[in-house]
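Let me begin by presenting the structure, written as structure tokens, before commenting on it.
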Amino acid sequence: MSDERLISPDISPLTSSLISLGGINRTFYLGDSQVHALRDVNLTITSGEYIAVMGPSGSGKSTLLNLLGLLDRPDEGSYKLEGRDVTTLDADELAAVRSERIGFIFQSFHLVPRLTAAANIELPLVLSGFPKADRAKRVSQALQEYGLTDRAHHRPNELSGGQRQRVAIARATILRPAVLLADEPTGNLDRSTGEEVVKLLEKLNAQGMTLIVVTHDQALGARARRQIRMEDGGVVSDIVSAK
Amino acid sequence: MLIADAGRFALQAIISHRLRSFLTLLGIAVGIAAVILLTSIGEGVHQFVLKEFTQFGTNVIGVSPGKVKTGGQPPTGIPTTARLLTMEDAESLKQLPHVTGSTPTVWGNSEVENNGRLRRTTIYGVDADFVRVFSAKVQIGSFLPREGAGDSRAFVVLGSKLRKELFGTENPLGARVRIGGLHFRVIGVLAPKGQFLGIDLDDTAYIPAARALELYNREGLMEIQVLYTEGTSSATVASAVKQRLALRHGHEDFTITTQEDMLKTLSNILNILTMAVGALGGISLLVGSVGIVTIMTISVTERTNEIGLLVALGARQRTILGLFLSESVILAVLGGVLGLLLGIGLAQFLHLLMPNFPVHTPWSFALIAVVVSGVIGLLAGVLPAISASRLDPIDALRAE
């Protein structure tokens with residue numbers, strides 16, 4: 001598998017295509033009815049991009065996000081992540097790619113309620129079997145970066161919404177993934193904390209992390225350099241603003 | 001994921017539902033405690049009974065007349081040709097290698113009378129070797145002297161209770177008592193030996209075997225008990241006894257029972273009893289393990305979101321399976337350890353209340369109990385853990 005990465009022709013360190021989707025189709029069956037969640041989606045995303053995926057509910061944007069995050073497989077089409085065809089990987093290999101290359105941020109944060117902020121941030125390191133001493137260093141660094149040091153030993157129910165999302169972001173980025181996938185990251189936050197969180201994500205993007213945000217929020221979507229609009233499972237517009 | 005981390009993660013999940021986890025592990029604890037308590041009692045009874053039987057020494061072989069075998073129906077009207085066991089047989093067995101003593105035995109029930117006090121009791125006809133064969137102790141006076149079969153004098157040795165009944169606090173030595181129609185002189189009293197299977201061993205009188213044959217009008221002995229040196233295999237001695245008697249009788253018309261065989265059979269029976277009561281306790285253990293299945297299933301449903309998150313963070317199916325399995329194993333083992341302490345505590349408490357009540361908890365049971373609870377945890381956790389690891393991460397993340 002790693003050989004493929006080496007011989008892949010269009011890899012150059014700077015303008016490499018991080019993600020390339022070709023002819024992706026995904027159909028769900030709900031009882032008797034068929035839902036065409038993704039229709040013939042073609043998309044190329046380069047490293048370091050800031051993308052907003054917008055569209056009404058049911059337009060397939062969440063399915064796209066799940067697919068990009070390797071939680072779902074396409075029925076048809078090819079998906080290359082960093083030049084590597086990930087549609088042929090088995091479950092364990094997918095898990096490894098998710099762990100190392102992809103960070104998820106959810107609308108409802110999805111923190112483990114019984115674990116402290118520090119333990120929640122540590123979770124990806126624990127799952128990939130990092131030794132304990134190594135983990136402690138990384139976690140304390142992350143807590144500091146996200147301004148959570150004094151909240152380290154609080155459980156999620158003792159944190160504010162903004163703090164919870166910061167913990168979630170710290171958790172998503174602790175293994176330095178290539179892509180950050182955010183599903184309505186400000187959906188459960190008030191405007192000012194939402195703004196704070198978006199700024200944090202944008203800062204990460206400025207440091208070179210590819211950021212893909214799925215949102216209903218026009219204002220949030222407008223901040224992205226590239227806006228992809230979806231309708232009925234297909235991409236209807238893909239605009240790169242001149243900022 | 002490192003095993004230590006998985007264990008900690010599972011433990012945190014258990015601790016986060018303190019009451020629920022405690023009640024679940026209590027189910028296992030009660031089951032294990034029941035098994036431990038019941039098997040402790042069973043084992044205690046086992047040891048108690050074996051001790052009762054081995055108080056006469058374990059290196060004893062019994063010979064009784066007549067061969068136990070199954071054959072065709074004997075022709076009617078013809079008396080059996082089995083030869084009786086005689087005093088001479090008993091005497092001859094004393095000469096065998098490894099044999100340290102042998103006593104002929106004849107017993108019956110007679111009235112013993114002293115100065116108008118009458119008591120019906122068991123009379124044993126034995127010889128001088130009796131005290132060694134049955135590990136009996138003489139309290140006062142002496143036991144029956146070693147004499148030839150033909151000229152045994154009319155002496156009697158009393159059991160301690162019989163002495164009390166007939167003589168009270170008087171010194172019985174030298175007194176003459178009447179047994180049946182014959183007169184005997186008391187030459188000793190045995191130390192108290194207690195009861196054995198409901199038989200009072202102290203309410204007895206011992207007279208020379210030859211006299212007992214006369215008293216009960218018998219021609220042959222009822223049994224010969226052979227004592228052999230400790231450490232010799234019972235089979236060796238048994239075969240020597242068999243050879244000697246076969247030579248004397250012309251063929252094998254007697255039956256040899258070694259104490260070892262008897263104890264083995266008895267021990268087997270008692271083991272089955274212990275297992276049976278243990279199995280009764282096992283039923284409550286089964287109920288406890290159903291509790292674990294229930295709580296783990298609930299836990300998986302409640303934590304669907306968390307499972308989705310773990311998958312998104314890159315956990316493998318195997319990791320999730322392992323996490324939930326270790327949770328149920330930890331739960332069960334904690335329950336097992338608690339049950340072990342509870343069971344041993346109860347057993348000791350019983351022992352304290354009733355010191356005569358035999359209770360014994362072997363360490364092997366304790367170890368088995370903990371291992372069994374671990375296995376129960378594993379089995380109980382399998383189904384919920386598999387369903388957790390097979391959840392679709394997208395649905396799991398979306399679940400509220």
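In the text below, chain A, chain B and the rest are named by the order of the sequence lines, each starting its count at 1.
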Task: Any donor-acceptor pair under 3.5 Å from A/Y50 side chain to A/T210 backbone - done: no

Task: Engaged part of A/D72 at the chain B interface, taking heavy atoms whose separation is under 4.5 Å - done: both

TODO: Start with the C-alpha gap between B/R318 and A/D92, add the side-chain angles, then the distance that decides, and say whether salt bridge (charged side-chain N to carboxylate O under 4.0 Å, His left out) holds.
DONE: CA-CA 9 Å; B/R318 221 177 315 148; A/D92 283 355; 2.6 Å; yes

Task: chain B contacts, top residue of A/L181, A/L71, A/V97 (heavy-atom pairs, under 4.5 Å) - done: A/L71

Task: Distance-only polar pair, side chains of B/R303 and B/S299, donor-acceptor under 3.5 Å - done: yes

Open item on the list: Report which part of B/A13 has an atom under 4.5 Å of a heavy atom belonging to chain A: side chain, backbone, both, or neither.
Closed with: both

Open item on the list: Which residue in the set B/I14, B/V293, B/I292 passes side chain to side chain contact (heavy atoms under 4.5 Å, CB included) when paired with B/T24?
Closed with: B/I292

Task: Residue B/E306 versus chain A: region with a heavy atom under 4.5 Å - done: side chain

Task: Best-contacting candidate, B/A312, B/A315, B/S16, against chain A by heavy atom pairs under 4.5 angstrom - done: B/A312

TODO: Go through the atoms of A/L115 and report whether side chain, backbone, both or neither lie under 4.5 Å from a heavy atom of chain B.
DONE: side chain

Open item on the list: Less than 4.5 Å to any heavy atom of chain B: does that hold for the side chain of A/F106, its backbone, both, or neither?
Closed with: side chain

Open item on the list: Taking every non-hydrogen pair under 4.5 Å, which of B/L310, B/L323, B/L309 racks up the most with chain A?
Closed with: B/L309

TODO: Before accepting this row, confirm whether a basic side-chain N of the pair A/R166/A/E145 lies closer than 4.0 Å to the acidic partner's carboxylate O.
DONE: no

TODO: Check whether any side-chain N or O of A/D85 sits under 3.5 Å from a backbone N or O of A/K80 as a donor-acceptor pair, and report yes or no.
DONE: no

Task: Between B/T319, B/V311, B/D392, B/I15, the one whose heavy-atom pairs under 4.5 Å with chain A are most numerous - done: B/V311

- [ ] Pick one of side chain, backbone, both or neither for A/R155, based on which atoms fall under 4.5 Å of a heavy atom in chain B.
- [x] neither

